[in-house]
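Reviewing the structure listed below.
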Protein chains: 2
Amino acid sequence: MQRCLMCQLALKEWKPAIAAHKKNFVAKKNEVIICEGEPVTGIYFVYSGNVKVHKKWGDKELIVRFADKGKIFGHRGLGTTSAVYPISATALEETELCFIPADFFVSTLKVNHELAFSLMMFYADELQESEKKMRNLALMPVKSRLAVALLHLKAQFGMDTTGCIDIDLSRQDLAAFAGATYETVFRTINEMVQENLVVLSGKRICISEETSLIALTRE
Amino acid sequence: MQRCLMCQLALKEWKPAIAAHKKNFVAKKNEVIICEGEPVTGIYFVYSGNVKVHKKWGDKELIVRFADKGKIFGHRGLGTTSAVYPISATALEETELCFIPADFFVSTLKVNHELAFSLMMFYADELQESEKKMRNLALMPVKSRLAVALLHLKAQFGMDTTGCIDIDLSRQDLAAFAGATYETVFRTINEMVQENLVVLSGKRICISEETSLIALTRE
DNA sequence: CGAATCGTTGATGAGCTTCAAAACTCGTGG
DNA sequence: CCACGAGTTTTGAAGCTCATCAACGATTCG
């Protein structure tokens with residue numbers, strides 16, 4: 001898995017150096033780890049659990065992505081433009097984290113070129129993802145965006161034993177991830193159930209007609 | 001200017017090495033330099049002129065950003081995920097370009113750590129921009145997005161002697177940049193003229209009440 | 001001087017948000 | 001164990017923003 005920078009961190013010889021600076025801790029469910037606009041202090045690694053990375057405008061919210069096991073967040077603060085976090089991060093469940101101070105992380109990057117290169121590739125991938133989502137938000141109807149969201153969730157979190165997407169996400173959060181309102185998402189999912197594209201199992205969602213769902217995301 | 005990687009390229013000792021691989025050329029107005037979905041061949045630097053970087057969905061188009069003097073494009077193809085360009089690039093005016101093959105550029109990055117680090121920071125900044133725009137597209141009304149677009153254009157291209165934003169952009173392209181339709185942008189600009197936020201001078205746009213325009217982009 | 005592209009404007013309605021209000025879940029404490 | 005309230009899900013209705021369509025004037029360009 002290319003995006004697992006954790007692995008890099010764990011394997012490198014400078015691991016002992018990190019030990020002196022890193023700080024492990026656990027975030028409870030719904031705990032706010034980063035708040036948009038706060039000064040940047042460092043970067044976070046996720047050992048286990050799940051964190052939503054989101055942005056606000058007024059009282060509306062957009063979930064940019066989810067950071068689960070092996071992912072990092074807070075890394076956008078590293079650029080040259082700003083000294084404040086451009087995003088908020090909130091734990092969706094109990095989450096084990098590792099915090100690394102920004103200055104130490106940056107100086108490490110300057111020494112460990114392999115890590116820096118990996119991080120660069122990681123950024124390149126994220127940028128591509130981000131711009132694709134930009135296009136989706138601007139050009140796609142809600143139904144297609146929802147299809148993209150569901151396929152993305154399935155790819156990231158996999159399926160449980162019943163074939164459902166293995167994540168417990170409130171409809172509120174699903175809506176914020178798809179970039180639509182609560183009610184619209186609700187109705188659109190109902191539509192999808194009518195059309196046998198998905199099946200509901202309690203609150204979980206099972207993709208039954210992946211091909212048709214993918215078709216929604218094309219043209 | 002942090003984003004001017006060109007400067008880096010020009011100043012480094014490996015410049016002679018580049019000379020053997022790079023290829024300078026000129027793109028005419030409206031010439032398509034990269035087409036979405038084509039296999040990645042390399043990265044482009046802009047010496048002069050202006051290029052729109054855009055994505056399509058069906059017959060709709062979204063302009064992701066503009067690459068003028070000192071900017072690069074085609075760099076998103078470098079990530080690990082894909083071997084095809086995720087964007088199209090089209091010259092908006094006569095543009096002087098420099099092309100560098102991907103394999104050579106990547107191997108250069110592995111040797112020149114300073115450049116790699118700069119590029120990483122560049123990516124970090126772009127990612128932040130991109131996610132902000134994502135939020136804008138998802139949550140803002142058209143009028144606010146248009147305000148953001150105009151302020152962005154002013155920041156990137158500056159003003160001419162009459163105080164207008166120094167770029168000749170068709171309303172079509174302005175609409176594609178703001179993520180709205182032609183007609184809506186037209187009407188919204190009229191609205192802004194009524195409210196004395198902007199003034200039209202021929203086809204160019206002059207921001208007269210920057211503070212009020214910025215206010216539109218908040219909350 | 002056509003032909004094509006771009007700018008301007010009005011009418012229409014689909015898609016989506018917003019508001020409002022039940023029905024349902026679930027944890028808390030009496 | 002049940003009552004309570006807070007949060008979430010479900011549903012209906014109203015309306016607004018914005019895209020779409022259509023038509024015409026203006027401008028560019030070979």
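The basis for the numbers below is simple: all heavy atoms, side chains too, and nothing from hydrogens, waters or symmetry mates. Numbered from 1 within each chain, the chains take letters A, B, ... in sequence-line order.
For A/Tyr182, the listed nucleotide lying nearest its side chain is D/dT9; candidates were D/dT9, C/dG7, C/dC16.
One finds no salt bridge joining B/Arg65 and B/Glu129 here, because no Lys/Arg side-chain nitrogen approaches an Asp/Glu carboxylate oxygen to under 4.0 Å. Under the 4.0 Å criterion applied to side-chain N and carboxylate O atoms, A/Glu191 and A/Lys143 are assigned as salt-bridge partners.
Atom P of nucleotide D/dA19 and atom CG of B/Leu62 are separated by 12 Å, given to the nearest angstrom. In this structure, B/Gln172 places its CD atom 18 Å from P of D/dT27, rounding to the nearest Å. The separation between A/Phe186 atom CZ and C/dA22 atom P is 17 Å, rounded to whole Å. A/Leu174 places its CG atom 14 Å from the P atom of D/dT8, with the value rounded to the nearest Å. A straight line from CG of A/Leu146 to P of C/dC16 spans 11 Å, rounded to a whole angstrom. In this structure, A/Gln194 places its CD atom 14 Å from C1' of D/dT10, rounding to the nearest Å. C/dT18 atom C1' lies 15 Å from atom CG of B/Leu139, rounded to whole Å. When the P atom of C/dG27 is taken as reference, atom CG of A/Asn30 falls 13 Å away, rounded to whole Å.
For C/dG15, its base never sits under 3.5 Å from the side chain of A/Arg187 at any donor and acceptor pair.
Between B/Tyr123 and B/His75, the ring center distance clears the sub-6.0 Å criterion.
In this pair, A/Phe177 and A/His152 present their aromatic rings perpendicular. The plane angle is above 60°, beyond the 30 to 60° band.
OP1 or OP2 of C/dT17 sits under 4.0 Å from a side-chain N or O of A/Thr184. Contact between the side-chain N/O atoms of B/Lys60 and the OP1/OP2 oxygens of D/dT20 is found at a separation under 4.0 Å. Between B/Asn190 and C/dT9 there is a side-chain polar atom (N or O) within less than 4.0 angstrom of OP1 or OP2.
Across all strands shown, A/Lys143 has no heavy atoms under 4.0 Å from either base or sugar-phosphate atoms.
Considering all non-hydrogen atoms of both residues, B/Ala147 and B/Leu213 come closest at CB-O, 3.7 Å.
Between B/Lys29 and B/Glu183, the residue anchored nearer the 5' end of DNA chain D, judged by the nucleotide with its closest heavy atom, is B/Glu183.
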